Each structure stands twice: as structure tokens, then as C-alpha cells.
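Just follow the structure's listing: the first ligand is 1, and inside any ligand the first atom is 1. All values derive from a computational prediction rather than experimental measurement.
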Amino acid sequence: MYCKIIPENCIACGRCQIIAPETFDCDADGIVCFRLDTAAERENICPALLEKVGQAVRRCPAGALLLE
Ligand code: SF4
């Protein structure tokens with residue numbers, strides 16, 4: 001599955017980075033990005049990380065994360 005980030009929706013709460021730090025990071029303004037490729041807006045999520053990423057998607061208060 002792929003995770004897509006919508007940085008313009010992000011309110012820089014930091015929740016996704018706490019739940020799934022292997023996948024998510026943030027820029028200098030606290031806006032979400034992917035840890036391994038900070039310029040990417042979509043990333044393939046390996047099965048081992050999918051549960052945490054799913055939790056982060058469900059708990060994002062701003063609708064800035066999608067699984068597809
Ligand atoms: S949980 Fe959502 S709003 Fe909070 S930092 Fe992550 S993407 Fe942004």
C-alpha cells in the first residue's frame with residue numbers, strides 16, 4: 001500500500017511522527033514529510049510498518065495522511 005501526504009492540510013501537531021517515527025518526519029516548520037525521502041508526497045509502505053502508518057493515518061486530526 002501507498003501512503004500519501006497532503007502537506008497543505010497538515011497542522012504540525014507531530015502526532016504521526018510519534019506514532020510512526022520510522023515513516024514520518026517533519027520540516028523546519030513542523031509540517032509532515034517522509035523520513036526517507038523528504039521531497040516525496042507518496043511512498044510505498046512495507047508490510048512491517050503498515051500497522052503503525054495506519055494508526056497515524058486514522059489519528060491525524062487534519063486529514064493530511066491517506067492510505068491507498
Ligand atoms: S498527524 Fe497529521 S496534522 Fe499532525 S503532523 Fe502528522 S500529518 Fe500533520
Side-chain angles (χ1 to χ4, degrees):
M1 292 189 84
Y2 284 85
C3 181
K4 184 177 180 186
I5 58 176
I6 307 167
E8 56 270 31
N9 285 0
C10 179
I11 59 169
C13 73
R15 191 177 292 179
C16 59
Q17 293 114 62
I18 293 169
I19 296 170
E22 307 87 350
T23 302
F24 300 110
D25 201 348
C26 63
D27 66 15
D29 296 321
I31 301 300
V32 68
C33 60
F34 288 111
R35 188 174 72 84
L36 295 180
D37 183 355
T38 57
E41 292 200 348
R42 190 170 179 263
E43 191 167 284
N44 191 6
I45 305 300
C46 72
L49 297 178
L50 198 51
E51 186 179 335
K52 281 186 175 182
V53 171
Q55 272 187 41
V57 170
R58 288 191 298 276
R59 295 180 65 185
C60 172
L65 307 173
L66 297 172
L67 267 181
E68 51 190 23

Worksheet item: CD1/Ile19 to CZ/Phe24 distance, rounded to the nearest 0.5 angstrom?
Response: 9.0 Å

Worksheet item: Charged N to carboxylate O below 4.0 Å: is that the case for Lys4 and Glu68?
Response: no

Fill in: For Gly14, atoms of ligand 1 separated by under 4.0 Å from a heavy atom
4 (Fe), 5 (S)

Response to the item:
CD (Glu43) and OH (Tyr2) are apart, to the nearest 0.5 Å, by 10.0 Å

Discussion item. Please report the interatomic distance CD1(Ile45) to CD(Glu22), rounded to the nearest 0.5 Å.
Written reply: 10.5 Å

Worksheet item: Quick one: nearest non-hydrogen protein atom to atom 3 (S) of ligand 1, plus distance?
Response: Ile11 N, 3.4 Å

Discussion item. Between Cys26 and Ile31, is the side chain to side chain contact (heavy atoms under 4.5 Å, CB included) condition met? List the steps.
Written reply: CA-CA 5 Å; Cys26 63; Ile31 301 300; 5.9 Å; no

Worksheet entry | Cluster link Met1 to Leu65, ILVMFWY, side chain under 4.5 Å | yes

Worksheet item: Counting each atom of ligand 1 from 1 as listed, which ones have a heavy atom of Leu65 under 4.0 Å away?
Response: 7 (S)

Worksheet item: ligand 1 versus Ala64, non-hydrogen atoms closer than 4.0 Å: side chain, backbone, both, neither?
Response: side chain

Item to complete: Name the closest protein heavy atom to atom 4 (Fe) of ligand 1, giving the residue it belongs to and the distance to 0.1 Å.
Response: Cys13 SG, 2.3 Å

Discussion item. Need the ligand 1 atom indices (1-based, order shown) with element for anything under 4.0 Å from a heavy-atom of Cys60.
Written reply: 1 (S), 2 (Fe), 3 (S), 7 (S)

Worksheet item: Taking 2.8 Å as the cut-off, does an N/O/S atom of Cys10 lie below it from atom 4 (Fe) of ligand 1?
Response: no

Item to complete: Give a yes/no verdict on whether any heavy atom in Gln17 is under 4.0 Å from an atom of ligand 1.
Response: yes

Worksheet entry | Asn9 and ligand 1 - part of the residue with a heavy-atom distance under 4.0 Å | neither

Worksheet item: How far does CG of Asp25 sit from CG of Asp37, to the nearest 0.5 angstrom?
Response: 11.5 Å

Discussion item. Only heavy atoms of Cys16, strictly under 4.0 Å: list the atoms of ligand 1 that pass.
Written reply: 1 (S), 5 (S), 6 (Fe), 7 (S)

